[in-house]
Number of protein chains: 2
Amino acid sequence: MANLLSVAKLAGVSRATAARAFSSPESLRPETHRRVMEAARVLGFRPNKVAQQLRTRATRMLGVMVPSLDNPVFAEQLQAMEEAARAAGYSLIVTTSGYDPGREEAIVEEMLRQRVDGLALTVAEADHSAVLVKLRRESTPCLLVHNPPVAPCFPSVGVDNRAAMADATRYLIAQGHRRIGMIGGPLLQSDRARLRHEGYREAMEAAGLTPLALIEMPRHTQVALSRLAPALGGTEGLTAVLCTNDLLAISLIGELRRSGRSVPGDLSVMGFDGIELGRHLYPSLSTVVQPRAEFGRVAVDTLLALIRGATPQPLPLPHVLREGESAGALPASRQAPEPYDP
Amino acid sequence: MANLLSVAKLAGVSRATAARAFSSPESLRPETHRRVMEAARVLGFRPNKVAQQLRTRATRMLGVMVPSLDNPVFAEQLQAMEEAARAAGYSLIVTTSGYDPGREEAIVEEMLRQRVDGLALTVAEADHSAVLVKLRRESTPCLLVHNPPVAPCFPSVGVDNRAAMADATRYLIAQGHRRIGMIGGPLLQSDRARLRHEGYREAMEAAGLTPLALIEMPRHTQVALSRLAPALGGTEGLTAVLCTNDLLAISLIGELRRSGRSVPGDLSVMGFDGIELGRHLYPSLSTVVQPRAEFGRVAVDTLLALIRGATPQPLPLPHVLREGESAGALPASRQAPEPYDP
DNA sequence: TTGTACGCGTTATCAA
DNA sequence: TTGATAACGCGTACAA
């Protein structure tokens, strides 16, 4: 492929002049500029970013690692990040880790070798992550997305998971529920799930209610009703369940209805994330909305600030409780025998 | 950051030897190799891919462009592509076009400047796409994903959309339905939607039934029930509806039920794509499954073959009809007055 | 087995 | 306003 030198020759100028035609056209005599551009057109010249990157020591590429793209919460965030990045002249290298620390490690190493200007990572466990330990010794700016800011050296973009789930719990309590449970994916896979459970516990205890242990599902997007069934039914059974993510909630609702139970009649269900789809379901999903589009924007803005050498301290993003049809007031028939006295 | 030369100096060898320690360790005396690696470790040396890319004129990067990541069908395909690519030592630059030809153009230009080794594109309209016209003059291998292989120069990975929708239509006919409609997103946005509608028309006509025009929804992931309601109800109303994608089907089911109609009692609904989520809903989604994981694998394999200089002719991927609960047999009460005679 | 030397396509620093 | 020239970090003939 044609390079600057061949363009320069055809235009009858030096390579330096040809280069300037692209980088600072105003410093050229119009006629010269025109000649160079014409030569470039004739030769089908296209600037080589790899060479630019080598020379300027900046790639204008960001490395993004998410656990999975099967969960719309990550896909929607990625979509927003891509738009924000491109608007700022950056490209995204995208990878998925599957929550696997080994893959996390390999991916980050690969991206460092690629000399990305910055990293936006969502790791499984921010507080004992080998990747983050390693990155602490590197100079490449790194931003955590969704992970709580446990690691003081890395800024983090996300909602306050604990407060958000506490809000959701209080909402159910205000609807009259007393026996409220919580389900999640494999616990060890996510520090966020743990924080959310803490928020649930706090809100329950603050209301004088008994928080239950997290009921673990084998996968973080699909419910095994058998693990939950024992806790349902009877006068002592749960009347409401919080889920650590929307997909789990949707799956739960499906399983419940397929087993002949009604939602929210027999069980109120709340999700977490606020994926777009949840609005369109019937019953529509009651959930805690993470502002995913803003996530992407803020994540990119913060990372670019880091790259510029600033030390941004992003605040937790605001979450919003979206009332849907999947969680409702406690039916009179299921009120607890003992009255509730706050 | 440390470079090969500094490593070489510390190890007491020439730069060439240090380079070989990484590219062909077997050609070094073990002791020499050890010394180099030790020096690299001490200095925190990390090979610079940008320099490698410039020198070898190969980036081992693939450019991927999809219309949107909000639709799980693209996100799930991307996930599969990323895994396949990384397994083969390639990275992915990911972009979204929003079906906007202007953005498509800018994105592809950007990726060519980045010297990606290959492109995997999903364009809005493969047959009058400015991007593809331009790419025809370029030497960078390009693969279409999901787009029908209208452009003879570009291999294409996808299901046979026409046959797939015809299968779905025949399925509904076999269930006893006669008045079957089809809804889709904004028509002009997608050549795939058009092919699917043709498949529907073919199957209807082959059964002696009257195909209807595609009922256009304002967005391709959300139903406006008002546009469909006139065609429902009454003894002449539709008894089944095909949707051009799963999100539309899910949204339709939600709106129908919210309006007091039952699915499939009042209306059978079929989706298209087979996103994972559809299995977990209640009613679970009847749909045509595109093998998304295989999509990713095959797309990457085909593109890599193209890059190697081969001329692969990928066959259409097999689609599978997944029977769910959202489409059922025509209720006796809604049988048409005139009998059906094939 | 190891070293020398050139080139990949830019940007940037000086001079002219 | 334009030109000559040295990096940027690496791969790889070719020579030793």
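Only this structure's heavy atoms are used, side chains among them; waters, hydrogens and symmetry mates stay out. This is a predicted model, so every value here is computed, not measured. Order of the sequence lines sets the chain letters (A, B, ...), proteins ahead of strands, with each chain counted from 1.
In summary, A:Arg86 and B:Glu110 do not engage in a salt bridge, as defined by a charged side-chain N under 4.0 Å from a carboxylate O. In summary, A:Arg35 and A:Glu38 do not engage in a salt bridge, as defined by a charged side-chain N under 4.0 Å from a carboxylate O. At a threshold of 4.0 Å, the pair B:Arg103-A:Glu83 counts as salt-bridged, since one of the basic side-chain nitrogens sits closer than that to a carboxylate oxygen.
Within residues 8-25 of chain B, the residues that place at least one heavy atom under 4.0 Å from DNA chain C are, in residue-number order, B:Val13, B:Ser14, B:Arg15, B:Ala16, B:Thr17, B:Arg20. Scanning residues 38-61 of chain A for heavy-atom distances under 4.0 Å to DNA chain D yields A:Leu54, A:Arg55, A:Arg57.
Among the heavy atoms of the strands lying under 4.0 Å from B:Leu28 are primed sugar atoms or P, OP1, OP2 only; no base atom is included.
Remark: B:Thr32 is in phosphate contact with C:dT2, judged by side-chain N or O atoms under 4.0 Å from OP1 or OP2.
As a whole-Å value, the separation of A:Arg35 CZ from D:dT1 C1' is 12 Å. Protein atom CG of B:Leu5 is 12 Å distant from nucleotide atom P of D:dA7, rounded to whole Å. Taking atom CZ of B:Arg115 as the reference point, atom P of C:dC8 lies 14 Å away to the nearest angstrom.
Taking both residues in full, the closest heavy atoms of B:Ser97 and B:Glu104 are given as CB-CG, 3.7 Å, listed atom of the first, atom of the second, then distance.
Considering only heavy atoms from C-beta on, B:Glu125 stays 4.5 Å or farther from B:Tyr99 through its side chain. Contact check for B:Arg192 versus B:Pro148: side-chain heavy atoms found under the 4.5 Å cut-off.
A donor-acceptor pair shorter than 3.5 Å can be found between the side chains of B:Asn147 and B:Asp191.
Only one option out of B:Arg292, B:Glu82, B:His146, B:Glu294 pairs with B:Gln77 in a side-chain hydrogen bond (donor to acceptor under 3.5 Å, both in side chains); it is B:His146.
Along DNA chain D, the nucleotide nearest to B:Leu4 and the one nearest to A:Glu26 differ in position, and the one closer to the 5' end is contacted by A:Glu26.
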